[in-house]
Amino acid sequence: MRINEEIRAREVRVIAEGGEQLGVMPSRDALKIALESHLDLVEIAPTAKPPVCRLMDYGKYRYEQQKREKEVRKKQKTFDVKEVKLRPGIEDHDFNVKLKNAFRFLEDGDKVKITIMFRGRELTHPEIGEVLLQRMADQLKGVAAIERMPKLEGRNMIMIVAPKTNK
């Protein structure tokens, strides 16, 4: 946003602080009016013909704008991605422990990245990993939605699940 002397247009449409239109006038006259009323001349619509300027306290305006942005950021939900790592030959009890961890992460509102790590010749049977990930997805069906289907990346097979939104 351009303010005061930075405004290069010859003529501008001026809006007073209360919102009433003062009309089209040379930018020097508009700047003079702004200085007399101890306000800033702020260009709010530079692409209009002629550009639209408003008389306002620019410092106060910027402060309130930053305050609004801060509120918006505060209300935004940030997702952490937690990871649960499995191996193709995982036993049932260990699988259930990993499943409980995934449930806990999802209840806290975090996404869960489920990784199956293959070693050596285990990579020749990626279908074992797919079966494990499908089993995990079936168990988490009530609280999670699959965000990214199982995919083999190097020696790891990865699937991402996100908490279901209750609307």
Side-chain angles (χ1 to χ4, degrees), residues 1-4 6-8 13 15 17-19 39-49 51-167:
M1 286 184 138
R2 289 189 276 220
I3 61 169
N4 298 332
E6 295 173 4
I7 299 170
R8 294 281 168 237
R13 180 178 304 278
I15 301 173
E17 193 175 25
L39 294 170
D40 296 306
L41 186 65
V42 181
E43 191 175 49
I44 56 173
T47 56
K49 298 281 186 223
V52 180
C53 295
R54 183 180 208 128
L55 297 174
M56 66 171 76
D57 183 349
Y58 187 65
K60 183 178 176 184
Y61 170 74
R62 271 194 39 231
Y63 170 74
E64 297 206 353
Q65 200 173 29
Q66 287 171 345
K67 212 162 118 179
R68 272 194 300 268
E69 287 171 6
K70 192 175 177 184
E71 277 298 314
V72 167
R73 267 181 289 173
K74 199 183 291 183
K75 288 179 183 171
Q76 266 182 347
K77 174 75 174 114
T78 56
F79 286 106
D80 285 341
V81 178
K82 303 287 186 171
E83 187 170 18
V84 173
K85 291 185 176 186
L86 310 170
R87 302 253 310 118
I90 192 168
E91 294 293 325
D92 285 340
H93 179 266
D94 296 332
F95 179 84
N96 290 334
V97 169
K98 300 289 186 175
L99 183 66
K100 279 182 192 169
N101 288 339
F103 264 116
R104 193 179 71 232
F105 296 148
L106 289 165
E107 286 170 358
D108 291 343
D110 298 324
K111 293 182 182 182
V112 180
K113 176 180 175 181
I114 303 165
T115 305
I116 296 189
M117 302 174 298
F118 293 100
R119 273 198 240 146
R121 292 188 214 142
E122 291 173 342
L123 201 55
T124 58
H125 298 288
E127 65 276 0
I128 296 171
E130 286 180 19
V131 168
L132 266 175
L133 289 176
Q134 191 57 50
R135 184 172 152 204
M136 182 74 84
D138 290 342
Q139 298 280 326
L140 296 172
K141 199 181 298 176
V143 294
I146 297 176
E147 190 171 275
R148 191 168 127 201
M149 295 304 286
K151 185 178 176 188
L152 194 62
E153 293 180 359
R155 292 197 156 275
N156 297 327
M157 185 174 284
I158 297 170
M159 175 174 76
I160 297 176
V161 293
K164 278 188 178 173
T165 52
N166 298 329
K167 288 184 180 176

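The first residue of the sequence shown is numbered 1, and numbering continues consecutively from there. Scope of the values below: all heavy atoms of this structure, side chains included, with no hydrogens, waters or symmetry mates.
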Just how far is it from atom [atom1] of [X] to atom [atom2] of [Y], taken to the nearest 0.5 Å?
| X | Y | atom1 | atom2 | value |
| --- | --- | --- | --- | --- |
| R73 | Q66 | CZ | CD | 9.0 Å |
| H93 | F95 | NE2 | CZ | 13.0 Å |
| L41 | I15 | CG | CD1 | 10.5 Å |
| R148 | K113 | CZ | NZ | 7.5 Å |
| E147 | K111 | CD | NZ | 3.5 Å |
| T115 | K98 | OG1 | NZ | 10.0 Å |

> Side chains of F105 and V84: does their closest heavy-atom pair fall under 4.5 Å?
Replying inline: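 Yes - at least one pair of side-chain heavy atoms lies under 4.5 Å apart.
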>> Less than 4.5 Å apart, side chain to side chain, heavy atoms only: is that true for C53 and I7?
In response: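 SC-SC contact between C53 and I7 confirmed.
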> Just by distance, do the side chain of D110 and the backbone of V81 share a donor-acceptor pair under 3.5 Å?
Replying inline: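 Between the backbone of V81 and the side chain of D110 there is no qualifying donor-acceptor contact (under 3.5 Å).
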>> Could you check whether any side-chain N or O of K164 sits under 3.5 Å from a backbone N or O of K141, counting only pairs where one atom can act as donor and the other as acceptor?
In response: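 Such a contact is found between K164 side chain and K141 backbone.
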More than 12 heavy atoms of other residues, nucleotides or ligands under 6.0 Å from [atom1] of [X]: is that the case?
| X | atom1 | result |
| --- | --- | --- |
| R104 | CZ | yes |
| M149 | CE | no |
| E91 | CD | no |

> Would you call E71 and R68 a salt bridge, using N to O less than 4.0 angstrom?
Replying inline: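 Salt bridge flag = no for R68 with E71.
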> Is it true that E17 and K60 make a salt bridge, defined as a side-chain N closer than 4.0 Å to a carboxylate O?
Replying inline: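 No.
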Using every non-hydrogen atom in the two residues, find where [X] and [Y] come nearest and quote the distance to one decimal.
| X | Y | result |
| --- | --- | --- |
| M1 | E6 | O-OE1, 4.1 Å |
| G19 | R54 | CA-NH2, 3.9 Å |
| R87 | I116 | C-CG2, 4.3 Å |
| P88 | L132 | O-CD1, 3.7 Å |
| P126 | M157 | O-CE, 3.5 Å |
| F118 | L152 | CE1-CD1, 3.8 Å |

> Checking side-chain contact (heavy atoms from CB on, under 4.5 Å) against I114, which of I160, L140, I158 comes through?
Replying inline: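 Among I160, L140, I158, the one meeting side-chain contact (heavy atoms from CB on, under 4.5 Å) with I114 is L140.
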